[in-house]
Amino acid sequence: MAARIFDEHTLAPWLEAARQHWKLSAGVGLLLVPILTFTITTVISWIGWANNRDGREPPLNPYWIPFLGNWGSFLLARKSFVHRLYRRVGDVPATIKLGPAKAYLLTRPDTYGPLLRDTKSCTNKAFAVIIMEQMFGMPKSAMHIYRNDKSGVGAIPFPGSTIPAHLRVGDSLRHLSSQVVKHLSDELAKIDPNDPVDSGEWVDIPDFFTWWTHRYFAATITALCGPHLIALNQGFVADFWDYLNSWPSISKFYPRIFAPKAYGARQRILDGIKRWHAHARQHSDYRNNGADAPAWDEYWGSVWFKVRQRWGQDTGGMNDDALASEDLFVLTAATANALPMAFWNLIEVYNDPALLARIQTELSNAIVPPGTNEDKLPYRFDINTITSSPLLQSVYAEVLRMRVSLFHNRSPTQGDYSLGPYKFKQGGLVCVSTNIASNHAHAWRDRVDGGQRPLDEFWADRFLVPNPKDGTVKFSTDGLDGAWIPYGGGALMCPGRHLAKQEMMSGVAIFDAYFEMKLLKGVPRMDDDVFGLGAQPPGEPVPVRMRRKVGISPAGAAVAIKQS
Ligand code: HEM
């Protein structure tokens, strides 16, 4: 009977009709593929939800397009993808198909801490390898160095690792914050007679984000790398911001032909770094980087760059292009998040005159020596006065909570990884979203002032708790394990976090010492194209009215400021 149903006479008319209307048939076929895929993945998802066994994989997030899965929506609309998924699954993790990769999105902050700390079983290696190639242009010829580094990320390399300690990927930062503060103060003290901001009158600036981040970038790069990187490369500062602004395009893996501006900016930066390396190698021996070497010299800047140069050279597999990509990674890590965050810190403070008044004494006391007048320009600052202020720390932490949006990505490397009743396959990507962590109602239930301070609003005092010792308040992140994770966690936690904190907090004191400012349109919205990639910059121009406070002659003409 079955044979009769499918015999050639029965099928023939259908095949003939399909031949005649092939366009229609192809269209129906194309429509059926996603519908079938969605139906099948939905059934798989239900089975996942019904499964109560320990050691199960999280339920699958259904998708329409075979092979690609959720890759398209994740790359093109990360924010709405994560929000929709979170609304659907709540506190249950989800399995997501991202092209050839399998990822797991964790949605409960109380699972974040343990996962991030377990760097023995779960590292960011798989992800870091992709990032080095796609975002920083690491040449393929050097990628084996990252793939072959089996030493893990903990302080003690895994048994069997052959990579000596001083050659491992990653390093630490020291001695830099006071340099950054000094250079930013020098930068803001400079008077340009042609710049209306330096006239002593109130002037309107159409976009304060550009004004501030370009100046702070120049100061940070001079502190990190010495003055020659910028001096050797005209337009380096503007090019770098073009490159950072291109991150959303590069992160979508667009081929070069579709994003020539983005890849062009990246290439100009890489060429500039190569020029700087060659110049520094000519003038200063990068092998002189031990305990007795100076912490900073004008050619390499921080001794850290000498150590990194030596590491790169000693791998034997890195050419000049690869060494430039390595340092592009560091320069990006050091500025792409910290400087937009220093911007938001200023914006929140200047948006609220009452808050500015509350911190004014601490800001003024940070200038050393106290009572310094204009003869002592550029001012010098005591960062400790600022970083120990409970309120300023709370503002800083709240800014990070609201404006940092990234995924901490881990991958089980020592077999499948168990977390509660769930199992994550070795090689899968386990993703922790700072946005879910930062806005999780239960995790933050004690930090919303009984519901009066919702998490989608900035609240300067969110991180202040009573101090029973003296009846005052103190800054605290107690009880927020897994909820406040802008820097990640465990051995992989950002090595630049102390520097970032000092940059963000001292930025307010330094700016306040030289300028007055009023926001003309309040706090700008964030650029959601950067959601999931780090610090979100503003998504619109930020007009302000500014006036220089110091360094102005009585006639209103700008006067030159002495360099100390
Ligand atoms: C607000 C500012 C910053 C934020 C939010 C931030 C965040 C992060 C995060 C989330 C990671 C990855 C951690 C993980 O995988 O768990 C990271 C890594 C890193 N950060 Fe930061 N960071 C900031 C500022 C800085 C600064 C100022 C530096 C200074 C140089 C820096 C240097 C680095 C480096 C070198 C790594 C890679 C570490 C490694 O792979 O060994 N970061 N950062």
Side-chain angles (χ1 to χ4, degrees), residues 106 112-113 115-119 122-132 135-136 146 149 151-155 163 165 167-177 179-181 184 213 216-217 219-221 223-225 244 301-305 307-308 311 326-345 396-411 429-435 437-438 482 484-507 530 532-537:
L106 299 196
Y112 290 176
L115 177 95
L116 293 175
R117 281 189 288 274
D118 192 354
T119 40
C122 262
T123 77
N124 63 354
K125 205 23 216 318
F127 186 72
V129 167
I130 302 170
I131 289 284
M132 281 313 295
M135 303 310 294
F136 301 107
Y146 298 88
D149 180 357
S151 61
V153 293
I163 311 275
L167 296 185
R168 294 177 61 205
V169 178
D171 211 314
S172 63
L173 286 162
R174 288 166 293 148
H175 308 303
L176 281 176
S177 48
Q179 285 277 356
V180 174
V181 169
L184 181 62
T213 50
Y216 211 159
F217 180 82
T220 308
I221 292 299
L224 284 172
C225 311
L244 289 183
S302 162
V303 67
W304 190 36
F305 286 95
V307 174
R308 295 176 55 76
W311 168 76
E326 252 295 321
D327 277 354
L328 173 59
F329 159 68
V330 167
L331 298 189
T332 306
T335 53
N337 293 317
L339 303 190
M341 283 298 126
F343 159 83
W344 287 114
N345 219 37
Y396 145 85
E398 176 72 342
V399 165
L400 286 177
R401 183 188 71 78
M402 290 189 73
R403 313 292 183 185
V404 168
S405 157
L406 43 81
F407 297 99
H408 301 300
N409 297 301
R410 298 288 184 269
S411 184
L429 279 184
V430 187
C431 307
V432 163
S433 157
T434 56
N435 287 86
S438 300
W484 190 76
I485 48 167
Y487 297 116
L492 277 170
M493 192 187 279
C494 170
R497 61 192 180 282
H498 301 299
L499 179 59
K501 179 176 181 181
Q502 282 154 349
E503 281 181 336
M504 284 175 66
M505 295 176 68
S506 55
V530 185
L533 296 178
Q536 283 185 256

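For ligands, and for the atoms within them, numbers begin at 1 and follow the listed sequence.
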Inset, instruction - Look at atom 21 (Fe) of ligand 1 and find which of Ser302, Cys494, Ala500, Gly488 reaches it with the closest heavy atom. - result: Cys494
Legend entry - Side chain proximity check, Leu244 to Thr332, heavy atoms < 4.5 angstrom: yes
Inset, instruction - Side-chain contact test, heavy atoms from C-beta onward, threshold under 4.5 Å: evaluate it for Val180 versus Tyr216 and give yes or no. - result: yes
Inset, instruction - From atom 10 (C) of ligand 1, work out which of Arg497, His408, Lys501 has a heavy atom at the shortest distance. - result: His408
Inset, instruction - Would you indicate whether the side-chain heavy atoms of Phe407 and Leu429 approach each other to under 4.5 Å? - result: no
Inset, instruction - Indicate yes or no: at least one non-hydrogen side-chain atom of His408 is less than 4.5 angstrom from one of Tyr112. - result: no
Legend entry - Spatial distance of atom CG (Leu339) from atom OG1 (Thr220) [nearest 0.5 Å]: 4.5 Å
Inset, instruction - Run down the list Ala491, Gly496, Ser177, Pro486 and name the one with the heavy atom closest to atom 5 (C) of ligand 1. - result: Pro486
Inset, instruction - Heavy-atom contacts with Met341 under 4.0 Å: which atoms of ligand 1 show up? List them by number with element. - result: 1 (C)
Legend entry - Note, Val404 side chain near Trp344 side chain (heavy atom, < 4.5 Å): no
Inset, instruction - Determine whether Leu184 and Ser506 make a side-chain contact, defined as any pair of heavy atoms from C-beta on separated by less than 4.5 Å. - result: no
Inset, instruction - Find all atoms of ligand 1 within a distance of less than 4.0 Å from any non-hydrogen atom belonging to Phe329, and give their numbers and elements. - result: 37 (C)
Inset, instruction - Compute the shortest N/O to N/O distance between Arg410 and ligand 1 and return yes if it is under 3.5 Å, no if not. - result: yes
Inset, instruction - Give the atoms of ligand 1, by number and element, whose distance to some non-hydrogen atom of Ala334 is under 4.0 Å. - result: 26 (C), 27 (C), 28 (C), 29 (C), 30 (C)
Legend entry - Under 3.5 Å: N/O of Ala333 near N/O of ligand 1: yes
Legend entry - Any Leu400 heavy atom less than 4.0 Å to ligand 1: yes
Inset, instruction - May I ask you to list the atoms of ligand 1 that are less than 4.0 angstrom from any heavy atom of Pro495? - result: 19 (C), 20 (N), 33 (C), 34 (C), 35 (C), 36 (C), 38 (C)
Inset, instruction - Start with the C-alpha gap between Val432 and Arg410, add the side-chain angles, then the distance that decides, and say whether side-chain contact (heavy atoms from CB on, under 4.5 Å) holds. - result: CA-CA 8 Å; Val432 163; Arg410 298 288 184 269; over 6 Å; no
Legend entry - Numbering as shown, the atoms of ligand 1 that approach Asn337 to under 4.0 Å (heavy-atom distance): 2 (C), 3 (C), 4 (C), 6 (C)
